[in-house]
Amino acid sequence: MKDTLRTLVADAIAGATTAGELRLETVPEVELERPRDPSHGDWATNVALKTAKAAGSSPRAVADIIAARIAGHPDVAGVEVAGPGFINLRLSESALRRQVALVREAADDWGCVDLGHGRRVQVEFVSANPVGPLHVGHGRWAALGDSLAAILAHAGWIVEREFYVNDAGVQMDIFAKSVSARYSELCGHSATFEPEWYQGAYITEIAREIYDAEGTCWLDAAPQVREDHFREKAYAQVLAHLRQVLHGMGVDFDVWFSERTLHVVGGDGLTEVQRAIGQLSAQGYVYELDGAVWFRSTDFGDDKDRVLLKADGEYTYFAADIAYHKDKFDRGFDRVINIWGADHHGYVPRMKAAVAALGYPGQLDVVIGQLVTLLRNGEVVRMSKRTGEMVTFEELLDEVGADAARYFFLRRSTDQPLDFDIGLAKEQSSDNPVFYVQYAHARICSILRKAAGLAPDADIDAASAAARLAPAGTSLDALVDPAEFALVRKLAEFPEIVEQAADLLAPHKLPYYAEELAGAFHQFYTLCRVVTDDVALTAARIALVDATRLTLERVLALVGVSAPERM
RNA sequence: GCGCCAUUAGCUCAGCGGAUAGAGCGUCCGGCUACGAACCGGGAGGUCGCAGGUUCGAAUCCUGCAUGGCGCACCA
């Protein structure tokens, strides 16, 4: 609809230019926007303001000329020049009614836009160290990444979700030592426990699982053998647990990428890390200084150069991360999106520098999510794996439920810090906005049950019931009420919302839209009865209600929240 | 010291170059003898942190300042 109008305005300008009414060298880009004030119509354009100077005329005069050529089009009920020279367009009732049919025709594809043109994008998120439970912040990244992936898929991208498993590095060894020490204690032996080791109760739980399954047989094993065993056992348990918790909130990854594989020697005698550094080196971005090997990231806008290979012969985490990103692009992604917490934002310039040096400038986006502060009854809860004084994401999920948790996380813009008060989230669960939206969906299902003559508690296949009650081609001429058209207008916004959310990598647009849509529906519901003796009106309203149901279902799917038939 | 993010109604936040700045919560008033009141309608409530600048037009862009959060490793 927006494109139709854009063309309409552009044609009007072209026509006026040809007829000599306007003197313009080129036809400008027509920007259409939705006026804040609905009394200004459905759409407004500022082309006249933009082109008045070039046309050597006043904005209002230009606007008058363009407006005169638009008036009379069947999709346009009104066109007026307002303010300093805006052209306001009002859609005709027939154009609005047609929108209802378009929604139902599109069904699950409703709201799809084509920003991606079938290109491949990878979204990497959560990527928590596999040495303990997820904390609440991870929940935010999980909700964010999964929704962003869904949005991009709806916007024409081919999407993969990936979890980068940091299973190499010293934190794994500390993890192993921690579990091993707790194991000794379970066997009745005393064990030294260094303060920097992981002290959470979950460490003991992992040790207990090993103890229960394998007994005391590891007490006398050689230290290195024993540590290796505990590391791998504990790692496998944590990873399985991460998978399970994330799956429990509806987040499933296509790829779990192990950092270790980057350090495996290949057929050419080199690891992926070495090959990546080799490539940078061949391009002249690598040098030696003070016994270390450096990447000249300052060539790509970083503040300072960064070490790849330390003087002690170990590769830095950054070196592995470069290899990892090279691997991503080697897998053929046109674009890579990483979701990181704000505590890692200082890492962005060097990573972008590396990706640019590898030959993929501008193809990496990093979404920085501001941190989550966990509160309990107004008191800040410190979160630390080391001290173990934490509320895990799993506990939060159990307390507030996956729907509320995801919605709560997503509703705030990513660059806004989030205070998550556990007590509040639980107390408010009944007037959490997620219920307002879900309630609209449940109400629609209830209407369809009523219209289909089913009992209030009967199960219903809403889509097929609606298709039976108001088949495609049902006349919508009975729709005349302002509340009906207000709802239609809100429905029509959906593709624009998807486009914005995908373009700005801003999933929070969706919950806000969902609430507006639910609001428009609740108003309609209050003013217009759907199931009446008037057969034509009932059918038309069923069609409208069904289009609303479809749209709510789509939005909620993109948010990752269920659309219940009853609640 | 340098950098990133924020600062909008009593509270929590949308809006990010357009026309009289919005929503939810809270508060005050009102609405169920028909499809779910987990709903709807109305009122009160704001120098968009401060000061300059850019332009037809600024909460939105630029500069400086203030306040708060997060960073600034040959850690991962």
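Each chain gets a letter, A, B and so on, in the order its sequence line appears, and its residues count up from 1. Values reported hereafter were calculated over all heavy atoms of this structure, with side chains retained and with hydrogens, waters and symmetry mates removed.
In this structure, B/C35 shows a glycosidic angle more than 90 degrees from zero, which is the anti conformation.
Among the atoms of the strands shown, only primed sugar atoms or phosphate atoms (P, OP1, OP2) are found under 4.0 Å from some heavy atom of A/Ala342. Within the nucleic acid shown, A/Asp305 has no heavy atom closer than 4.0 Å to any nucleic acid atom.
Near RNA chain B, meaning a heavy atom under 4.0 Å away, the residues from residues 516-533 of chain A are A/His522, A/Gln523, A/Tyr525, A/Thr526, A/Cys528, A/Arg529, A/Val530, A/Val531. Within residues 438-446 of chain A, the residues approached by RNA chain B to less than 4.0 Å at the level of any non-hydrogen atom are A/Tyr439, A/Ala442, A/Arg443, A/Ser446, in residue-number order.
Qualifying side-chain contact (heavy atoms from CB on, under 4.5 Å) partners for A/Ser281, counting only residues two or more places apart in sequence or in other chains: A/Val286. For A/Asp415, the side chain to side chain donor-acceptor pair (under 3.5 Å) partners two or more places apart in sequence, or in a different chain, are A/Ser413. Take A/Arg411 and apply the salt bridge (Lys or Arg N to Asp or Glu O under 4.0 Å) test, not counting sequence neighbours, and it matches A/Glu515. Looking at residues two or more places apart in sequence or on another chain, you find a side-chain contact (heavy atoms from CB on, under 4.5 Å) between A/Tyr525 and A/Arg443, A/Ile447, A/Phe521. Residues forming a salt bridge (Lys or Arg N to Asp or Glu O under 4.0 Å) with A/Asp42 (at least two apart in sequence, or on another chain): A/Arg489. With sequence neighbours left out, the side-chain contact (heavy atoms from CB on, under 4.5 Å) criterion links A/Ala319 to A/Val273, A/Ile277, A/Leu308, A/Tyr315, A/Thr316. A search for salt bridge (Lys or Arg N to Asp or Glu O under 4.0 Å) contacts involving A/Glu232 returns A/Arg260, not counting sequence neighbours. Under the salt bridge (Lys or Arg N to Asp or Glu O under 4.0 Å) criterion, A/Asp343 pairs with no residue at all, not counting sequence neighbours.
When each of B/A76, B/C56, B/C39 is scored by its nearest atom to the side-chain atoms of A/Tyr436, the top-ranked nucleotide is B/C39. Across B/C74, B/G18, B/C70, the shortest atom-to-atom separation from the side chain of A/Leu49 is found for B/G18. For A/Met567, whose side chain is taken as the heavy atoms from C-beta onward, the closest listed nucleotide among B/C5, B/G36, B/C74 is B/G36. Picking from B/A19, B/A76, B/C70 the nucleotide with the shortest atom distance to the side chain of A/Leu371 gives B/C70. When the nucleotides B/C74, B/A19, B/G36 are ranked by their closest atom to the side chain of A/Ala82, B/A19 comes out on top.
Comparing B/C40 with B/U8, their C1' atoms are spaced 28 Å from each other, to the whole Å. Straight-line distance between the P atoms of B/U12 and B/C5: roughly 22 Å, to the nearest whole Å. Taking the P atoms as reference points, B/C50 lies 13 Å from B/U7, given to the whole Å. Comparing the same atom, P, in B/G1 and in B/G53 gives a spacing of 28 Å after rounding to whole Å.
The CZ atom of A/Arg449 sits 19 Å away from the P atom of B/A34 (whole-angstrom rounding). The distance from atom CE of A/Met172 to atom C1' of B/C75 is 16 Å, rounded to the nearest whole Å.
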Please tabulate, for the side chains in residues 500-509 of chain A, all donor-acceptor contacts under 3.5 angstrom to protein atoms that are two or more places apart in sequence or on a different chain.
none

What is the per-nucleotide protein-contact pattern of nucleotides 6-14 of chain B, from the 5' end, where B denotes a base atom under 4.0 Å from a protein heavy atom, S denotes such proximity for sugar-phosphate atoms only, and - denotes neither?
S-----SSS
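Put simply, the side chain of A/Asn46 and the base of B/G18 share a donor and an acceptor less than 3.5 Å apart.
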